[in-house]
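In what follows, a structure is listed as structure tokens, so that the remarks can point back to it.
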Amino acid sequence: MKIFNTLSRSKEEFKPLEENKVRMYVCGPTVYNLIHIGNARPMIVFDTVRRYMEYKGYEVNYVSNFTDVDDKIIKKANEEGVTSEEISKRYIKECKQDMADLNVRPATTHPLATEEIGGMIDMISTLIEKGYAYAVEDGTVYYRTRKFKDYGKLSHKNIDDLEAGHRNINVTGDLKEDPLDFVLWKPKKEGEPYWTSPWSDGRPGWHIECSVMSKKYLGDEIDIHAGGEDLIFPHHENEIAQSEAANGVEFSKYWMHNGFLKIDNEKMSKSAGNFFTVRDIKEKYDLQVLRFFMLSAHYRSPLNFSDELMESAKNGLERIKNSVGQLSFYESNAKFDELTEDEKASLSEAKKYIEKFESAMEDDFNTADAISAVFELVKYVNQKASEESSKNYVLELKKEILTMTDILGLLVETKEELLDGDIEALIEERQAARKEKNFKRADEIRDELLEKGIVLEDTREGVKWKRA
Ligand code: AMP
Ligand code: ZN
């Protein structure tokens, strides 16, 4: 399996630190708003990487954080007159809903920055002890960038060029030793959430969060660290400086970055206002179409969002679904079970499509070519399977399509619909579980319903539900 490593700027053979295991960290969103479809790209892409690795037999420990303390969250909380916690909780919940709709599997762990402050204080203390960080009078702690000899190795930047760039920016009131130094801890301002630390009542900088959460849940050395390409510099460069200085070992072997989702050939971003939320798209399309659209390009290429491409993704997905639906029909109407000799030969011929699919995925997760292999198989199936086929033959063909679509995380089988009565019975059971304070069971029921596309809403008048 080859992975393009941003560190070496080349495709490298993947060799895990520990046999058959993968430790993977994906930088998650800052939760102050509904996620936009650009944010959905890394979620979909790295979920697919995880699925493929699991298919190949790896046990993947997949960690993805939520940044739940940040200027933007505080600003939003002040605007609404609520706490930052209320904002972050609300948007984590919404984000998880979008992830479920996109068939992005929950991470092994989704740590929250606000629950890991102790670890951040520990790592900052270590960096101070080792001479890589210093506190100044106002209670800010900075990272001493120049002290870390490898600074710039990920983004392939030269530290002296960076310094020249920084000199032109006139920073006032800074107590830094060097313009390149970045913040590890900052003192609170009036009305901001804060934690007590040896340096000031305040909060951590953004970069230290990921270094600490990755260390806690995956260890000092990990296999893959991933995120959007905008994170290469400074976020990931700073994470490397922090983690490697504190832990004394290489932080991550492979660094993967997805290209940007654009709109009208411009970067889609919240600040520019040219974005669609995942929810906006859900009004018009099944979100499987969005997932299919994202995977139709290589993850490192820029991808331009357009109605035309979404329509073509919709048609493409429909073609696969129709073929699977047709096979299910043949399956239930088959006149006999056992494979004929011709069918056996045909099945071994069909194996070439899964081989093609795999070799595309082995080549730095080329999902665009992998999807072509799915289409070729669909075409083959449409020619070869019929009402005259044996049950086992159509089952095997269907299994081959579903193997590929499962790796891509695409739901192509029509789900059995829950009847209203079943839903209401489950809701009643959930209410009873809650009364008994059996929240585990209550959550299980909610998730089970969510999986079948039923969304629950707790209101004053009781529980309401709708089909998503
Ligand atoms: P943020 O909440 O801005 O930290 O972003 C969360 C993740 O989404 C990061 O991995 C970003 O790199 C990624 N991201 C943000 N905007 C886009 C975009 N337009 N296209 C692709 N990825 C993006
Ligand atoms: Zn991060």
Side-chain angles (χ1 to χ4, degrees), residues 6 24-47 49 62-73 76 87-88 91-92 94-95 98-99 102 104 107 109-113 116 120 123 154-155 182 184 204-218 222 224-243 251-252 255-278 281 290-291 293-295 297-306:
T6 309
M24 179 165 182
Y25 186 96
V26 181
C27 291
T30 307
V31 277
Y32 65 102
N33 224 324
L34 292 173
I35 59 163
H36 64 63
I37 55 177
N39 300 132
R41 191 172 188 195
M43 290 176 183
I44 294 167
V45 160
F46 298 116
D47 176 63
V49 168
Y62 189 98
V63 177
S64 190
N65 66 297
F66 286 112
T67 294
D68 62 345
V69 55
D70 173 89
D71 288 341
K72 290 183 252 35
I73 300 174
K76 177 94 171 180
I87 296 292
S88 57
Y91 290 110
I92 286 170
E94 300 290 10
C95 180
D98 287 340
M99 285 168 66
L102 291 164
V104 168
T109 315
H110 277 292
L112 304 183
E116 310 290 344
M120 297 182 208
M123 192 181 275
L154 180 72
S155 52
F182 59 89
L184 297 174
W206 171 37
H207 316 301
I208 196 75
E209 291 177 13
C210 291
S211 283
V212 167
M213 293 188 271
S214 176
K215 179 183 170 84
K216 175 161 173 191
Y217 296 98
L218 297 169
I222 69 169
I224 302 174
H225 197 112
E229 65 183 6
D230 58 326
L231 300 187
I232 299 173
F233 187 85
H235 186 54
H236 287 165
E237 196 72 61
N238 291 355
E239 280 189 43
I240 291 177
Q242 297 164 157
S243 296
F251 181 24
S252 176
W255 289 83
M256 296 179 75
H257 295 98
N258 64 272
F260 258 70
L261 182 70
K262 299 180 167 200
I263 190 158
D264 299 327
N265 284 313
E266 299 222 8
K267 177 178 154 179
M268 183 177 292
S269 80
K270 278 188 191 149
S271 46
N274 61 343
F275 65 89
F276 289 112
T277 62
V278 170
I281 303 305
L290 184 64
R291 183 167 182 125
F293 159 77
M294 296 277 187
L295 295 176
H298 189 273
Y299 75 92
R300 283 190 286 116
S301 311
L303 175 59
N304 202 38
F305 183 82
S306 70

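Counting starts at 1 for both ligands and their atoms, following the listed order. Side chains are part of it too, since the values below use all heavy atoms of this structure and drop only hydrogens, waters and symmetry mates.
- Listed by number with element, the atoms of ligand 1 under 4.0 angstrom from any heavy atom of Pro29 are 2 (O), 6 (C).
- A donor-acceptor contact shorter than 3.5 Å is absent between the side chain of Glu229 and the backbone of His257.
- His225 and His236 have perpendicular rings, their planes meeting at more than 60° on a 0 to 90° scale where under 30° would count as parallel.
- Residue Gly259 places a heavy atom under 4.0 Å from ligand 1.
- If you check which protein heavy atom lies closest to atom 15 (C) of ligand 1, you get Asn39 ND2, 3.4 Å.
- Checked by atom type, the side-chain pair Asn65/Tyr25 shows a donor-acceptor distance below 3.5 Å.
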side-chain contact (heavy atoms from CB on, under 4.5 Å) evaluation trace for Phe260 with Asp230
CA-CA 8 Å; Phe260 258 70; Asp230 58 326; 3.3 Å; yes
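- A pairwise comparison of heavy atoms in Phe275 and Ser269 identifies CD2-O, 3.5 Å as the closest pair.
- Regarding atom 23 (C) of ligand 1, its nearest protein heavy-atom neighbour is Gly38 O, 3.3 Å.
- Ranking protein heavy atoms by distance to atom 20 (N) of ligand 1, first place goes to Leu261 N, 2.8 Å.
- For atom 17 (C) of ligand 1, the nearest protein heavy atom (residue, atom name, distance) is Phe260 CE2, 3.3 Å.
- The minimum heavy-atom distance between His207 and Glu239, with the atom names listed, is O-CG, 3.7 Å.
- When hydrogens are left out, the protein atom nearest atom 13 (C) of ligand 1 is Pro42 CG, 3.8 Å; that is the closest non-hydrogen contact.
- In this structure, Met43 does not count as a contact residue of ligand 1, since none of its heavy atoms falls inside 4.0 Å of the ligand.
- Counting only heavy atoms of the protein, atom 4 (O) of ligand 1 lies nearest to Thr30 OG1, 3.9 Å.
- Listed by atom number, the atoms of ligand 1 under 4.0 Å from Gly228 heavy atoms are 10 (O), 12 (O).
- Residue Gly28 places no N or O, backbone or side chain, under 3.5 Å from any N or O of ligand 1.
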Side chain to side chain donor-acceptor pair (under 3.5 Å) for Tyr217 and Glu116? Distances and angles first, verdict last.
CA-CA 11 Å; Tyr217 296 98; Glu116 310 290 344; 2.6 Å; yes
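- Here is the list of ligand 1 atoms found below 4.0 Å of a heavy atom in Asn258: 21 (C), 22 (N).
- Under 4.0 angstrom from ligand 1, there are no non-hydrogen atoms of Lys262.
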Given the rule in the salt bridge (charged side-chain N to carboxylate O under 4.0 Å, His left out) test, do Asp47 and Arg291 qualify, once you have shown the distances and angles that lead to the verdict?
CA-CA 11 Å; Asp47 176 63; Arg291 183 167 182 125; 2.8 Å; yes
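- Looking only at protein heavy atoms, the nearest one to atom 11 (C) of ligand 1 is Asp230 OD1, 3.5 Å.
- Remark: at the Zn ion (ligand 2), atom SG from Cys27 and atom OE2 from Glu239 enclose 90°, rounded to the nearest 10 degrees.
- Note: angle at the Zn ion (ligand 2), from SG of Cys210 to NE2 of His235, is 110° (rounded to 10 degrees).
- Heavy-atom minimum distance, Ser64 versus Cys27: OG-C, 4.3 Å.
- Here the heavy atom of the protein found nearest to atom 16 (N) of ligand 1 is His36 CE1, 3.4 Å.
- For Phe276, the CZ atom counts as loosely surrounded, since its 6.0 Å shell holds 12 or fewer non-hydrogen atoms of other residues, nucleotides or ligands.
- Near Leu231, meaning under 4.0 Å from one of its heavy atoms, ligand 1 places the atoms 9 (C), 10 (O), 12 (O).
- Annotation for Phe251 and Ser211: closest pair CZ-CA, 4.5 Å, computed over non-hydrogen atoms.
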